[in-house]
Every structure is written in C-alpha cells, then in structure tokens.
Amino acid sequence: MSEHNYREVWQYAMSQIESEYKNNGKETEFKLWFNLEYIEDTINTITVAVASDFLWQTMIKKGNIEIIKKKIEELTGQSDLEIKSLIKNTSVIEEKETISQKETQIPQQMISQEKKEIKKDSFSIKVEEPLKKHPQLRSDYTFDSFVPGDNSIYAYNASIAAAKNPGRAYNPILLYGGVGLGKTHLMQAIGNYIYQQRSELKICYVSAETFTNEFTSSIKNKTTDKFKNKYRKLDVLLLDDIHFLQSKEMTQEELFHTFNALYDNNSQMVFTCDRPITELKGIADRLKTRFSRGLSIDLQPPNYETRHAILLKKLELLGKTIPEDVISYIAKNVVTNVRDLESSLTKMIGYSELINKKLTIQIAQEQLRDTFSSPLSGTITIENIQKVVADHFSVSVSDIKSKKRDKKFVIPRQIALYIARELTEYSFPELGNEFGGRDHTTAMHSYSKVESQLKTNSALYSEIQLLEREIKDYKK
C-alpha cells in the first residue's frame, strides 16, 4: 500500500460517473458495467475486485475502464495510472493484467492436481485443482459462465450473495420466469459455488417432478422415514419447477414440513417456477407464503446487448469464432430466451464445421429462417387477444375497438394493442386498423405508453404476463 492513497479519489470519481449515467437514464447500465470494488493501490496502480473475468473483459471492450481512468486523471492530473482487476467470485483467484499490459498466460502443463503458485512481480497467482464435480449438478452451470444483463442482474447478485453465505443472506430464493432464461443455471451455480467452498455440506438438486415421484414411491414401499431423513437434513435444497406441484396435495404437505425443518436449521433453499407464486393454482396458501418468505425475483428475456454478450461468452467457452455480423444477426433476431439463442449459435457452428464453409449473413439467413419465424404468428389472432383482454377487464370487444375515452376502456385497449404487437407480426398501421381504424401514430403511442409503464410497474408486468399465458392457452 502506498502513501499516495487513491481510495477517496476512486470513490469521488465513481460517484461523478454514476451521476452522469443517472442523468442520462442509464442507472442500471452503470450498476452492471461499473460493478467494481476498490481493493488497494500503489504509487501508480489501483487494484479493484470484479465478479468475473468475462465482466472485466467486457468492461474494457465497452470503454468503461478507460472512462474511469480519464475521470481520475481529471481529478489528479496523473495520466500513467493503471487499473488492475482481481477476480473474486470463483474458487480460482487470479490477478489480471491492466488494459495497457499484455495478459499473462498460464501454461496448461503448470496446472496439476496440487496447488501451485506462480510469481509475477510482487504478486502471486494461485491455481487451484480442477473444480470438484457434484453428482447432481452441471459443471458448466457456474456464475462465471452466466452473463448478467438488465434482465437478470438482480437475480445474479442475489444468487452470489446466497452462495457466499448460505442459509443466512437470502433464504429462500425463488427465481421465476419463462423457459430458457437462466433460472436453473443460477440455481445450480449456487450449488456449485457452495460445493467448491464447503464440499462437506449436503447439497441436493432435484426437480419437483422427481421429488414427487420419490415421495410417492416412499409411500408405496413404506420407506417414508428414509425419504424424510434424506430431505429434512440437507444443508442446501435446490428444487426446480415447483409449478409441477399444483394440485398434488400430499406432496405439498410433505414439502411444507420439509421446508420448516430446513428453515429452522438455517439450510439454504432455492426454488424455480415458470410464473409468479400468486398465479399458481392448486397450491396451499401456507406453502405459497413460505415460497415467498425470502426473495422472489423474476427473470425476463435479455435485451440486444445482453444477447450479444451471451453469444460472445458461449463462443469463448467453446473456443470457437464466427463473423461478427453473423453474431449480431442472431442477437438481433432471437429475442425469446437464452436457450433459443444458444441453439441458433450451435446450429451455425455445426453447419460451418460439417460443410467446411465460412459463415456469411446469407448462410445465417437461410439456415435460421425457420428458427426466426414466430411459431405464434399464425395461430394467435388479434380477435383472440381482444377477447381475452376484454374478458379480463369486464368490457366488450366493441368497447376496446371503439373511440370511447373513458379510463376503463382506454387501459384495456392499450394493453391489448401492446400484447398484439408483442405476440404477432402485425405492423403499427395494421394494428391501428384492427383496433377501430386508428392511425399508426396512435397505435405506436399506446404501445410506447405501456412499454414505458412496464419499466417501473411490476404489477402491470405480472398482469400482462398472465394475459399472454391465457391468450396462448385460448388458441388451443
């Protein structure tokens, strides 16, 4: 530590940058891409902690580290300051080079089953033995391989906090949202992190369906004591897809008592669901209350920037490269979920390797044409959307399509138009025509108003999610 302490300068610089981002409406972007913790300094360096190497490299590519350096230079007049990073959220602690230095490469032959230390200047890099494999968890589901964005940063940070302090930080955690958005990834990342730090703990990952089948089997075979002994003495329970428990009263009863036993023992519990707890039917109220006792966090589809970052991370993990314009094309067109995003990327890589042909935009357009075509566009109709929304708000379809300006008609009309834009391929002029012959600017205004409200109104978001599910069921 030098006598030239930069801590106060760092804090002041970061506060100024944060204010600038807030003033430009980019507060969430600041929280994600300037998520650094001051550690120490020397006469011309500042060392900060960051959640993962991927986040650090992305911060560099986005120019955010350079922004910090320039801000500090404005405050101190020192132009040769270097910023170093220390990865803090993995079991392997590595000191990373600055953006102005060449990254240190650790030869593969230097990594063995035993711990080794590699000296670099006055620092040391510890290389741990390979990650231990938990029998129920996917080894690739880690925090380092998860790419957080505006849609998932809250869930990501909460999961890390729970993994670092299981049973005490946030307990239980409920992650909910549509398929392929990362719920199971984060759940298993919690389990993997805890297992690497404290392998003596009893960690169990199980789907709600398997839990139900095991319980039913234990009743049939008269081994319920064995079942209870297995689940009620866990240190960590990771229970996936609890919506499967709807209307399964006996399993719910057993889970209720399991929950109480684990909670009293300060055991960490994590649950996932495809929708908010309030929308589950056939679940006992006392169990709903327990699911909601800790944190309930929704994961939404990622935005373009996050989708692009996910593709880059996937390529990095696979050790593959494809043209940037193809990456951008996939990120722009696959808007559903991470699973579809990775599937499209895998298809492109497989095609390129099997045909031995370099990928181009034209090839991507041809090969992914069926993937990008919405499976809902031909089956969900404007009429169905209007009918479901009208029934939900106790108005008529003719009221929604009318020129009436009463609030009780305007709100359902705007919501129906928003959902229609989201679930169909109709343009704004076409939507305007379907909603009483309105012009396209009116349709755009209605859509934008709902879209803006969704950013701050979680109740409205849940309501629209519910309506969209009803609309998808209505067509069957």
Side-chain donor or acceptor of Ser296 paired with backbone N/O of Ser292 under 3.5 Å: no
Between Tyr170 and Gln268, does any side-chain donor sit less than 3.5 Å from a side-chain acceptor? no
Can you tell me if CD on Glu249 sees more than 12 non-hydrogen neighbours from other groups inside 6.0 Å? no
From Asn457 atom CG to Ile464 atom CD1, the distance as rounded to the nearest 0.5 Å: 9.0 Å
Quick one: does NZ or CZ of Arg290 land under 6.0 Å from the six-membered ring centre of Tyr263, within 45 degrees of the ring axis? no
Glu422 side chain to Tyr447 side chain, donor-acceptor N/O pair below 3.5 angstrom: yes
Go through it in stages, so that I can follow the logic: the residues are Ser343 and Thr346, the test is side chain to side chain donor-acceptor pair (under 3.5 Å), and I'd like the CA-CA distance, side-chain angles, deciding distance and then a yes or no. CA-CA 5 Å; Ser343 175; Thr346 301; over 6 Å; no
Pair Val206, Leu238 - check side chain to side chain contact (heavy atoms under 4.5 Å, CB included), show working. CA-CA 6 Å; Val206 62; Leu238 310 171; over 6 Å; no
Any side-chain heavy-atom pair from Gln197 and Lys164 closer than 4.5 angstrom? no
For Asn64 and Glu66, which I'm curious about, is there any donor-acceptor pair between the side chains at under 3.5 Å? no
Nearest heavy atoms of Ile297 and Ala158, plus distance in Å: CD1-CB, 3.7 Å
Is there a side-chain contact between Ile349 and Leu345 (heavy atoms, below 4.5 Å)? yes
For the pair Thr272 (side chain) and Asp241 (backbone), establish whether a donor and an acceptor sit closer than 3.5 Å, ignoring hydrogens and angles. yes
Side chains of Ile277 and Ile242: does their closest heavy-atom pair fall under 4.5 Å? yes
Given side chains that start at C-beta, do those of Arg168 and Asn266 come closer than 4.5 Å, heavy atoms only? yes
From CA spacing to verdict: side chain to side chain contact (heavy atoms under 4.5 Å, CB included), Ile17, Phe30: CA-CA 8 Å; Ile17 295 172; Phe30 174 84; 3.8 Å; yes
The reported gap from CD in Gln365 to CD1 in Ile363 (rounded to nearest 0.5 angstrom) is 10.5 Å
Verify whether one side chain among His392 and Glu463 offers a donor that lies under 3.5 Å from an acceptor in the other. yes
Do we get Arg421 above Tyr418's six-membered ring, with its NZ or CZ under 6.0 Å from the centre and within 45° of the axis? no
Will you find, in the side chains of Asn303 and Thr306, an N or O donor that is under 3.5 Å from an N or O acceptor? yes
Nearest-0.5 Å distance, CG of residue Leu359 to CD of residue Glu353: 9.5 Å
Do Phe271 and Pro172 touch side chain to side chain, with heavy atoms closer than 4.5 Å? yes
Would you mind checking if Arg7 and Glu40 are paired as a salt bridge, meaning a charged N to carboxylate O distance below 4.0 Å? no
Heavy-atom count check: over 12 atoms from other residues, nucleotides or ligands less than 6.0 Å from Lys288 NZ? yes
Taking the side chain as every heavy atom from C-beta outward, state whether Phe143 and Asn192 have any pair of such atoms under 4.5 Å apart. no
Hey, is CZ on Arg293 packed in by over 12 heavy atoms from elsewhere, all under 6.0 Å? yes
Backbone N or O of Met269 within a donor-acceptor pair of the Asn171 side chain at under 3.5 Å? yes
Checking the side chain of His134 only, and the main-chain atoms of Gly191 only, is there a donor and an acceptor separated by less than 3.5 Å? no
Please step through side chain to side chain contact (heavy atoms under 4.5 Å, CB included) for the pair Leu234 and Leu262, ending with a clear verdict. CA-CA 7 Å; Leu234 291 172; Leu262 295 178; 4.1 Å; yes
Phe215: ring pair (Phe, Tyr, Trp, His ring centres under 6.0 Å) partners, not counting sequence neighbours: Phe227
How many angstroms lie between atom CD of Glu305 and atom NZ of Lys62, to the nearest 0.5 angstrom? 6.5 Å
Ring centers of Phe244, Phe211 separated by less than 6.0 Å: no
ring-ring contact (aromatic ring centres under 6.0 Å, His included) evaluation trace for Phe34 with Tyr21: CA-CA 11 Å; Phe34 289 86; Tyr21 270 69; 5.1 Å; yes
Considering only heavy atoms from C-beta outward, does the side chain of Leu36 approach that of Trp56 to under 4.5 Å? yes
Side-chain ion pair, Glu470 and Lys387, N-O less than 4.0 Å: no
Please determine if Arg232 and Glu254 form a salt bridge, counting it only when a charged side-chain N lies under 4.0 Å from a carboxylate O. yes
Side chains of Tyr176 and Asp274: any donor to acceptor distance under 3.5 Å? no
Indicate yes or no for a side-chain donor-acceptor contact from Thr42 to the backbone of Thr45 under 3.5 Å, with no hydrogens or angles considered. yes
Look at the side chain of Gln252 and the backbone N and O of Gly282, then say whether any donor-acceptor pair between them is shorter than 3.5 Å. yes
Partners meeting side chain to side chain contact (heavy atoms under 4.5 Å, CB included) with Glu279 (sequence neighbours left out): Arg275, Pro276, Ser462, Leu466, Arg469
Does Phe146 have any ring pair (Phe, Tyr, Trp, His ring centres under 6.0 Å) partners at least two apart in sequence or in another chain, and if so, which? Tyr156, His185
For the atom pair OG (Ser218) and CG (Asp225), what is the distance rounded to the nearest 0.5 Å? 9.0 Å
So, does Ser199 use its side chain to make a donor-acceptor pair with the main chain of Tyr195 at under 3.5 Å? no
Report the C-alpha separation of Leu368 and Lys347 in whole Å, then their side-chain angles, then the decisive distance to 0.1 Å, and conclude whether the side chain to side chain contact (heavy atoms under 4.5 Å, CB included) test is met. CA-CA 8 Å; Leu368 298 176; Lys347 184 175 182 178; 3.8 Å; yes
Among Asp240, Leu137, Thr142, exactly one meets side chain to side chain contact (heavy atoms under 4.5 Å, CB included) together with Gln188. Which residue is that? Leu137
Look at the rings of Tyr304 and His308 and say which category their plane angle falls in: under 30° parallel, 30 to 60° tilted, over 60° perpendicular. tilted
Apply salt bridge (Lys or Arg N to Asp or Glu O under 4.0 Å) to Glu342 and Arg307, showing your working. CA-CA 10 Å; Glu342 293 183 344; Arg307 297 196 299 271; over 6 Å; no
Without hydrogens or angle criteria, can the side chains of Ser328 and Glu324 be said to hold a donor-acceptor pair below 3.5 Å? yes
Closest non-hydrogen atom pair, Thr223 against Ser217: OG1-O, 4.5 Å
Between Lys202 and Leu237 (side chain of the first, backbone of the second, donor and acceptor by atom type, cut-off under 3.5 Å), is there such a pair? no
How about Asn151 and Asp298: do any of their side-chain heavy atoms sit closer than 4.5 Å? no
Is there a donor-acceptor pair closer than 3.5 Å between any side-chain N or O of Ser145 and the backbone N or O of Asp140? yes
Measuring from Gln57:CD to Met59:CE, what's the distance to the nearest 0.5 Å? 11.0 Å
Verify, without hydrogens or angle tests, whether Thr216 (side chain) and Thr212 (backbone) share a donor-acceptor contact under 3.5 angstrom. yes
